[in-house]
Amino acid sequence: MKALSNLSVVVAGAGALGACAALAIAEAGARVTLADPSPDRSASAVAAGMLAPGFETLLDPPAAGRPDLLEHGRRIWDSLAERIGLDLDRRGALGVAPAEDLDRWQAAAAAVDFPNRRLARREAEALIPGLRAGDGGL
């Protein structure tokens, strides 16, 4: 008998975290309802499926002091991806912005030991054709 077999659980939010929580709870035996009143406004919709702890640390004030936790969260996706047959792209993330923002992002990334590389505008545009890359990328 599974540990949660007598429970009915509602998980609010069907983004990446809500869906994973619902899966884990269902696998533990509970009956699960996954509900999302506004899926187009979730964090997953905004992030477009990107798990980028470096940028989360740089751009999301509540995450600023948590780079180790965010990196751990990114790493544990590997086991879920393997279980469900999901192909993860590990080539990194690209942020584009004016030079002064890139300077600030690069300094913040260095302060928390996140690997990064500054890209000239031409390099950023070559990675994503059609992208209007501001002054460059990181």
Is Ser8 close to Thr33 at the side-chain level, that is, under 4.5 Å between some pair of heavy atoms?
no

Would you check if the side chain of Asp89 reaches a backbone N or O of Asp87 as a donor-acceptor pair within less than 3.5 Å?
no

Considering all heavy atoms, the nearest Ala99-Asp135 contact:
N-OD2, 2.9 Å

Report yes if some heavy atom in the side chain of Ile128 is under 4.5 Å from a heavy atom in the side chain of Leu94; otherwise report no.
yes

Could you state the interatomic distance from CG (Asp36) to CG (Leu34), rounded to the nearest 0.5 Å?
7.0 Å

Heavy-atom pair of closest approach, residues Gly136 and Ala124:
C-CB, 4.4 Å

CA sep, side-chain torsions, deciding dist, call: Leu4, Ile25, side-chain contact (heavy atoms from CB on, under 4.5 Å)
CA-CA 8 Å; Leu4 303 181; Ile25 294 166; 4.1 Å; yes

Qualifying salt bridge (charged side-chain N to carboxylate O under 4.0 Å, His left out) pairs, either residue in residues 8-30, two or more places apart
Glu27-Arg83

Taking CD in Glu100 as the centre, count heavy atoms belonging to other residues, nucleotides or ligands within less than 6.0 Å. Is the count above 12?
yes

Could you tell me whether the side chain of Glu123 reaches within less than 4.5 Å of the side chain of Arg118, counting heavy atoms only?
no

What are the two closest non-hydrogen atoms of Ala110 and Asn116, and how far apart are they?
N-ND2, 4.2 Å

Linking I/L/V/M/F/W/Y whenever any side-chain heavy atoms sit under 4.5 Å apart, do Leu88 and Leu23 land together?
yes

Rounded distance (nearest 0.5 Å) linking atom CG of Leu102 with atom CG of Leu119:
9.0 Å

Do Leu138 and Arg117 make a side-chain contact, defined as non-hydrogen atoms from C-beta onward lying under 4.5 Å apart?
no

SG (Cys20) and CD1 (Ile84) are apart, to the nearest 0.5 Å, by 6.5 Å

Would you please name every residue forming a side chain to side chain contact (heavy atoms under 4.5 Å, CB included) with Asp101, sequence neighbours left out?
Ala97, Pro98, Arg104, Trp105

In chain order, what residues pass the side chain to side chain contact (heavy atoms under 4.5 Å, CB included) check against Arg122, with sequence neighbours excluded?
none

